[in-house]
Amino acid sequence: MKRVLIIEDEPDVAETMKMLVEREGYKVDYTLDPRKGVKMVKDYDLLLLDIIMPVMSGREVLDELKKKKVKTPVIVVSAIGLPMEVSEEISRKYPGVAFVPKTEMHTSLPNTIKKLLSK
Amino acid sequence: MKFHNAAGIRDAVKKTGKRYESMDNLIAGCQVISFDWRYVYLNSTAIRHARKSRKELLGRTMMDAYPGIEKTEMFRHVRRCMEKRAFHRMENSFTYQDGSEGWFLLNMEPVSEGLLVVSQDITAQKRMEMALHESEDKYRTLVESSPEAITILDRKGAILFLNKKSASRFGASPAKITGKRIWEYIPKKAAAFSESMLREIIRTGESREIVSPVSIGGSTRFFRITLSPVKSKEGKFNSVLVISSDITEIKKSEQRIMNLNRLYSMLSDSNQAIVRFRDMGRIAREICRIIVRDSGMKMAWLGLHDPAHNIIKPIAHFGVDPAYLKSIKISPQETATMRVPIKAAFLTGKPFVCNDWSTARYMRPWGAAGAKYTYRSSASVPILKNGKSIGTLNIYSAAPGFFDDEIMGLVQDLASDISFAFEKAKDEQQRRSVENTLRGARRRLEAIINNTPDVAIESYDMNGKVLSWNRAAEKIFGWKKEDAIGKNIGRLILGRHSAALFIKDLRRINAGGKPFPPTEWEFKRKDGTMGWVYSTIFSVPASVSSKEFVCMDVDITERRKIEKALRESEAKYSSVVENSSDAIAILQDNVFKFANRALSQLGGYPLDQIIGKPISFAVVPGFRHITDSKYRNRVKRGGPTEKYVIPVKRKDGVLINVELFSKIIKYDGRNADLIIVRDITERRRLDDLMRNYTLKLESEVNARTSEVLQEKRRVEELSAVKDQFIRDISHELKTPLSVIMGNLSLLRDIFPIGKEKEWASLLNLLDRNTARLEKSINQMLQLSKLQKVELQRTRVLLNELVEEVYKEYLPLSEIKSITLSIDAEPVLMLGDGDLLRLAIGNLVSNAIKFTSRGSVSVRLRGDAHSATIAVTDTGIGISEKNQKKLFLEFFKVDPIAPGTGIGLSIAKEIVKKHGGTIRVKSKLGEGSTFEITLPRGVQT
């Protein structure tokens with residue numbers, strides 16, 4: 001079973017997302033602390049990452065992973081901005097990183113996970 | 001500003017007055033003319049320049065104050081400056097009502113009220129310039145038209161100036177000869193004046209006069225040359241004015257009369273000898289002596305016929321080598337040639353004259369002797385006794401042509417007196433000889449006097465009473481002979497004082513017996529006008545006891561006039577220059593050659609500290625090369641008159657701006673730069689004042705601009721805050737929304753048994769509304785973003801967009817059972833396809849939302865320049881009042897129709913960004929049409 005890690009500072013969002021992803025048949029863990037999450041990633045097949053977080057933002061997490069050459073696929077799940085724009089910005093700045101609006105974690109997220117993990 | 005009533009004008013005058021207050025007391029005149037040609041401001045100087053009262057001008061139009069002004073050159077410039085808002089500077093003359101003329105330098109400068117005209121009174125400068133020209137012209141005409149040769153020499157004899165007459169004497173054009181030394185053009189011998197004489201004249205400042213004979217074309221002409229020192233503009237003598245007049249005629253007359261005069265005295269003396277001595281031999285000897293001594297003859301001898309030897313035997317002689325007389329043995333025989341003068345005279349009883357020994361063939365036998373004793377002419381007159389020749393009187397002269405008719409008349413008189421002495425008794429001899437002498441003298445003198453043209457010859461007695469008066473005298477003095485004779489000179493042509501001097505001179509001549517050097521006399525003509533004569537006076541015997549004084553005059557009025565005009569012109573010129581309020585200087589050889597008081601005052605440097613200094617000495621360092629190079633170019637190449645401004649340091653250290661007006665002139669015969677210097681610090685100050693005004697205005701504008709910019713920044717900041725706020729709030733809204741939506745999804749997995757249908761319906765309702773909430777949040781973001789992004793313009797087919805929108809909203813319309821239709825022409829435009837689709841979609845979305853039955857139709861049409869998209873529905877419609885508020889941004893507007901705000905605002909924003917318009921036609925309860933018109937920005 002594929003293992004998915006969620007880095008999300010808000011417990012309600014983290015819990016909901018965990019349940020929604022588990023429903024699709026993945027082993028899911030989450031952490032509310034991005035710094036811990038960065039260390040945990042290497043044990044997982046996929047990372048679901050929030051952007052707006054105190055202490056350490058999702059962008060910093062992505063930068064850190066790049067530095068550590070962690071190859072784990074990442075899907076940014078965020079409530080910021082207009083979905084089209086954010087998606088374009090993420091793929092430009094972090095090639096290979098996918099984006100799913102937070103409001104679509106119950107609809108398009110499972111498909112995106114599936115696509116990434118099947119690669 | 002333009003005014004339509006008196007109050008408006010008063011107000012404008014008041015306001016303008018306040019604004020230009022700082023100009024009130026300037027030396028320059030300042031006036032502001034409004035756009036409708038009214039005087040709205042005048043300072044006190046401007047009032048003074050206008051010579052009108054403030055009341056007569058303020059608030060009135062220029063045409064009103066000065067009828068006909070619109071036809072003047074000045075007004076043409078005013079109009080141009082006013083309309084073109086351009087600066088202009090000009091000199092303008094102005095005739096006052098009293099006929100006097102004023103000159104002003106006008107600066108016209110556009111100001112917000114209309115035109116500011118700054119005037120400077122330059123009347124004095126202009127007058128001076130004109131006086132200079134006039135003076136120069138007058139001088140030139142006089143000098144050039146003068147019959148006298150006029151030359152100006154420097155102390156070394158270099159020709160500084162000469163008129164045409166003078167140049168023609170030297171046989172060259174004035175241009176060619178100017179600057180050369182005069183010595184090159186006059187024969188050394190004829191050079192009557194020398195360098196040392198020139199220096200002497202310059203040193204002493206005294207005039208000299210010389211008479212110089214010059215041989216021209218074989219004949220000798222006499223010139224009277226006056227040399228007078230000329231003051232330079234600095235007041236020093238540095239050149240000499242030479243006026244040369246041809247006095248050959250007067251000289252000749254003079255010579256002739258002198259000769260006659262000598263003969264008269266000879267005659268007189270001879271007669272006395274005849275009276276005194278009884279012995280004929282003694283008488284003859286005495287007469288020969290007198291002839292040679294008194295009349296300057298080379299030789300005279302008297303011979304009587306010796307019948308015994310039939311020869312003419314000399315009985316008396318004087319001034320001759322006796323050897324010569326011995327060689328002459330003349331036998332008066334009729335058979336021999338009659339062309340021997342003495343024989344001819346003796347035999348014919350008539351005088352025989354040979355006026356040129358060198359050419360007369362019959363004189364050849366005596367040629368060698370003649371050459372030896374320098375005899376050039378001779379006369380032989382018979383001595384008669386009772387009508388028969390008894391001998392001859394023979395006179396020899398060194399001058400060829402000496403024995404003219406007049407002289408011969410005298411000689412014959414002498415011979416007849418001698419004859420008489422041989423014939424008559426002693427007492428009778430005495431009486432007759434005196435009578436004869438006087439009658440003869442009188443007759444001949446009068447003949448000469450009357451026949452001498454152009455030279456007035458009068459004679460006076462010791463008391464100045466006129467004895468004779470020739471035709472030339474009538475012409476010169478205006479008095480007829482009949483009127484003049486017998487009158488005293490003091491009552492005719494001389495004033496009392498001059499007459500006294502004249503008589504005094506006569507007495508001195510009488511006492512000294514020598515003629516006086518020629519003198520110039522000022523005389524009064526019969527018509528009262530004044531003139532000048534150049535005159536010589538000498539005495540002739542009138543009777544044994546009294547003398548007659550002959551006066552010969554040449555009219556020199558013309559020449560005196562020229563001299564006077566020259567002096568006046570000089571005086572006028574120098575007084576104009578000296579008293580000019582403008583600073584004037586003459587530059588030559590790169591230094592100040594002359595400067596007037598005003599220049600000295602302007603710079604604060606004493607005159608002696610200016611003269612001789614280089615021209616740039618007072619110019620502020622850094623600008624000196626300008627004056628230097630300008631000067632060089634101008635003087636060397638005779639550059640044009642020019643004007644420029646340069647900063648100058650006064651002696652007291654104050655910096656002033658001066659305007660230099662420079663013009664090439666001839667000074668001492670060479671190019672020099674005449675400069676007029678004007679202190680324009682005042683004008684500069686005005687300019688600065690104007691600049692300050694402009695700067696103030698600019699800074700005001702800048703302040704306003706920066707306020708606007710600040711406001712803009714503030715708005716931008718606010719807008720950024722708003723955008724950030726919208727981004728934050730959307731994140732904050734979306735995060736819980738995502739939790740709700742996610743959990744709604746999870747809830748569908750766990751339906752409670754038996755209540756599935758109700759549960760699903762409730763979940764659907766929640767889904768719809770969370771979706772709507774999400775859409776609203778995204779639209780909000782969209783709008784805030786739209787306001788600042790640039791359009792991504794590409795070629796867009798609007799009909800395709802309309803079709804896409806149709807496809808997008810067809811399902812929704814079907815759900816609501818509304819007919820959605822499109823009618824789209826193919827229209828190409830340049831625009832942002834995604835945004836245009838959104839705008840059309842929003843309109844269609846709204847139409848469907850507010851239509852419960854009927855239809856929604858989209859129509860697209862295009863023409864050459866624009867595209868029109870109309871979305872028409874049969875919905876609830878919008879009230880007129882609300883139509884106006886419709887396009888305001890959603891969060892500022894009252895809730896009118898729930899849900900329209902953001903979508904419509906986005907549509908409006910997109911249309912606006914494309915440069916298009918959006919409008920609405922609607923009737924409450926009947927439906928609405930939203931119409932977008934877009935510029936196509938592309939040609940089909």
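Numbered from 1 within each chain, the chains take letters A, B, ... in sequence-line order.
Note: B:L746 leads B:I777, B:L746, B:T735 in heavy-atom pairs under 4.5 Å with chain A. Between chain B and the residues A:M19, A:R23, A:E10, the most heavy-atom pairs under 4.5 angstrom are made by A:R23. Of the listed residues A:D12, A:V13, A:V77, A:T16, the one with more heavy-atom pairs under 4.5 angstrom with chain B than any other is A:T16.
Using a cut-off of 4.0 Å between Lys/Arg side-chain N and Asp/Glu carboxylate O, B:K913 and B:E909 are scored as not salt-bridged.
Neither the backbone nor the side chain of A:E15 comes within less than 4.5 Å of any heavy atom in chain B. Looking at B:Q782, both its backbone and its side chain come within 4.5 Å of chain A, counting heavy atoms on both sides.
Under the 4.5 Å side-chain criterion, counting only non-hydrogen atoms from C-beta, B:L766 is not in contact with B:I740.
Looking only at atom types and distance, the side chain of B:R919 has no donor-acceptor partner in the side chain of B:T933 under 3.5 Å away.
In plain terms, the two heavy atoms of A:M56 and A:R35 that are nearest each other are SD-CG, 3.9 Å.
Here the side chain of A:S118 pairs a donor or acceptor atom with the backbone of A:K115 at under 3.5 angstrom.
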